[in-house]
Amino acid sequence: MTTPTGSGSGFGTVSWWGLSPALDLQAESPPVDPDSQADPEHGTPELDVLLLGSVDGRHLLRTLARAELWPRRRINFYVLENNLEAVARHMLIFSLALEDPEKMGLHEKSETFLEVWGNALLRAPVAAFVRAQAGRLAALVPEPERLAQQLPWLSLAALKFRERDALEAVFRFWTGGDRAPETFPVSRLWDSRLRHYLGSRYDSRRGVSDWDLHMKLHDRGARVIHTREFRRWRDTGVAFEPRDPGAYHVPNRTLASGRLLSHRGERVSARGYWGDIATGPFVAFGIEADDQSLLGTSNGQPVKTAGEITQHNVTELLREVTARGRARAATGGPEQVSAGADPEPFMLHFLPLGSAQTLHHKGCYKGHFQLLYVACGMVHFLSPELGACVAPGGRLVVELARYLVDLRQEQLRDFSSRVGELARTAGFTPLPGARPSETFARFCKAQQSSPSRGVDTGVESRSPADRAPPPEDRAPPPETLVPPPEDRAPPPETLVSPPEDRAPPPETLVPPPEDRAPPLETLVSAPETLVPPPEDRAPPPETLVSAPETLAPPPEDRVPPPGTPGPAL
């Protein structure tokens, strides 16, 4: 078998969509206490949520859509990502979701949302919308006053100045400018990633996709994903196709990111597609529904596909968010709404990249959050320092790797056990009365919390044999699910073509040994070692020599000749 099972290479080095269904964060948070966290200006309780690696805004949108079911709160979302492209996508998705219904109808809005969020190729009208919105956001990022006036729900105050400049550069790249679409040939880049992932099984890729779907995703609860739509996404990167298939041909630039490669001992940056090519965007909105009739079966087969369920769920979410916006406008008027006099306001705050281990140094964040959400690719940031930012009695929700098709069942159990150990070390205990779940692990922080090393806080009870799987079947540590600092996207301003005499030939861009997947048996480490690599390992951005944007993927992404072994793990 040449597929790098257990290495997480199908997950990619940057995440564009979540690997779990959308949550209502108010349902996960502690009950409302009218006497605590009250906002003196509006007189309503506050809910402060910290999200690490939520990437696509699905939890935020569902929380806003279901706000009518809960007592009124002022919700503050604090979002921390590991790359600025994810921050830019958050801003684009929310500006689309909150678009004036007079300018864009609900059906058009939902289709645009699905294409931008989950497709590698767009229709021409959707690509034009992305360019227009990117140009608008690029003009607002360096103007805090205009940003606060036009997007009162957004705050970039916590970002560093260089991060804001880099964020503006991301939007400038999305606008396209005078550059041709070939600057981001996503179809070729997608195929190269797939060839590297499958190795000598590339010619049997349909059989591989059917195996991953039926023997992994279906067995883990995602039975509504249809074979046809999963094959199409694996082959082309197009997950949702409500219109004519021939209309999807414009590269989705919001899925572009940078990665550092090695050329003759130096680090150079190359822009490409480094996201998920194994699981797909169907899990976030497409495998669960409030309307249970959508999940029904006929003759043992689901009556609806994951794409149809996703479109229904997204349309309903956007309908409810739009209805709340209209109710606020009718109650307070445009002037009051823009000034912040919202009966149920929310704010979206973006935190600096890599600040998870330093937030507790600021008094305003210590013990500040009632809910902490951690994605499976950011679990290595779960530490006592991060736990100190959660208020006593607060909750912790950790996304598990259930839908990561690279991992076997034994590895999934081991990953869940590690999550429990990290949560215990951070000062959390299993949430009493929580239903057993293979998708999320839920914890709470005691009123007088202190890490207790004598209590086993595994996600669910297991036999001793289950707790100690053979070394070769253990899950890779959580830090392998995200790129180390040297693999993270360099600032977009460095992703420009260098002079002709400095551009290295594409065939020489071979990732250094430290960027290659280590053998699976070496991917086991003690929980206390699960911390991000030292920052001094990544070269400073100003020393990077940028590679041309049309660079072919490095040689290890090409298909090896028949009979040769697959990529070294």
Side-chain angles (χ1 to χ4, degrees), residues 20 23 25 28-30 49-53 80 356-361 365-402 404 407 409-469 471 473-482 523-532:
S20 59
L23 290 176
L25 297 178
E28 305 293 337
S29 63
V49 182
L50 175 60
L51 301 102
L52 270 66
L80 197 158
Q357 301 300 319
T358 60
L359 287 178
H360 67 287
H361 291 308
Y365 294 132
K366 192 170 183 179
H368 180 72
F369 304 102
Q370 292 90 52
L371 177 63
L372 169 62
Y373 172 87
V374 182
C376 64
M378 303 280 276
V379 169
H380 59 287
F381 285 114
L382 190 55
S383 64
E385 291 78 14
L386 186 61
C389 297
V390 180
R395 304 285 176 83
L396 166 66
V397 178
V398 181
E399 179 187 58
L400 301 179
R402 178 181 184 181
L404 210 62
L407 303 186
Q409 289 294 336
E410 297 83 359
Q411 296 173 308
L412 295 177
R413 289 195 295 267
D414 193 62
F415 184 88
S416 299
S417 297
R418 293 188 183 190
V419 168
E421 294 172 356
L422 291 173
R424 178 197 62 196
T425 305
F428 295 89
T429 58
L431 182 64
R435 294 181 300 174
S437 172
E438 298 179 4
T439 308
F440 298 101
R442 295 174 170 88
F443 305 88
C444 65
K445 189 173 183 180
Q447 294 294 334
Q448 298 295 332
S449 63
S450 60
S452 176
R453 300 182 180 273
V455 181
D456 182 11
T457 58
V459 178
E460 54 187 75
S461 60
R462 305 177 187 84
S463 65
D466 288 336
R467 295 194 190 103
D473 285 343
R474 291 182 183 173
E479 67 268 20
T480 65
L481 298 181
V482 295
L523 294 178
V524 180
S525 58
E528 58 270 13
T529 64
L530 300 181
V531 295

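Treat the numbers as computed from the prediction; the structure is a model and nothing was measured.
- Val398 pairs with exactly one of Leu372, Val379, Leu52 by the side chain to side chain contact (heavy atoms under 4.5 Å, CB included) rule, that one being Val379.
- Expressed to the nearest 0.5 Å, how far SG of Cys376 lies from CZ of Phe440 amounts to 10.0 Å.
- Here Arg395 does not pair with Glu28 in a salt bridge; the nearest charged N to carboxylate O distance is not below 4.0 Å.
- Of the possible donor and acceptor atoms, none in the side chain of Lys445 sits under 3.5 Å from a partner among the backbone N and O of Gly427.
- Every residue was checked against the salt bridge (charged side-chain N to carboxylate O under 4.0 Å, His left out) condition with Glu385, not counting sequence neighbours, and none meets it.
- Atom CG in Leu422 sits 11.5 Å away from atom CZ in Phe428 (nearest 0.5 Å).
- Under the 4.5 Å side-chain criterion, counting only non-hydrogen atoms from C-beta, Leu396 is not in contact with Cys444.
- Lys366 places none of its side-chain heavy atoms less than 4.5 Å from the side chain of Cys389.
- When all heavy atoms of Gly53 and Ala375 are compared, the closest pair comes out as O-CB, 3.2 Å.
- Between Leu50 and Leu371, the closest side-chain pair of non-hydrogen atoms is not below 4.5 Å.
- Between Phe415 and Leu400 the shortest heavy-atom distance is CE2-CA, 4.2 Å.
- Within the 4.5 Å cutoff, side-chain heavy atoms of Val397 are placed close to those of Leu23.
- Nearest heavy-atom pair, Leu407 versus Ala401, reported as atom, atom and distance to 0.1 Å: CD1-CB, 3.9 Å.
- If you check the side chains of Thr439 and Glu399, you find no donor sitting under 3.5 Å from an acceptor.
- Rounded to the nearest 0.5 angstrom, Leu386 CG and Phe369 CZ are separated by 9.0 Å.
- Residues Phe443 and Gly420 come closest through the heavy atom pair CZ-CA, 4.0 Å.
- Interatomic distance, CZ of Arg418 versus NE2 of His380, reported as 13.5 Å (0.5 Å rounding).
- For the atom pair Glu421 CD and Leu382 CG, the distance stands at 11.5 Å (nearest 0.5 Å).
- Side-chain atoms of Ser29 and Gln370 form no donor-acceptor pair, as typed in the model, at a separation below 3.5 Å.
- Side-chain atoms of Arg442 and Ser437, non-hydrogen and from C-beta on, do get closer than 4.5 Å to each other.
- Scanning all heavy atoms of the two residues, the minimum distance from Gly393 to Pro30 falls at O-CG, 3.6 Å.
- The aromatic rings of His368 and Tyr365 sit perpendicular, their planes meeting at an angle over 60°, well past the 30° parallel limit.
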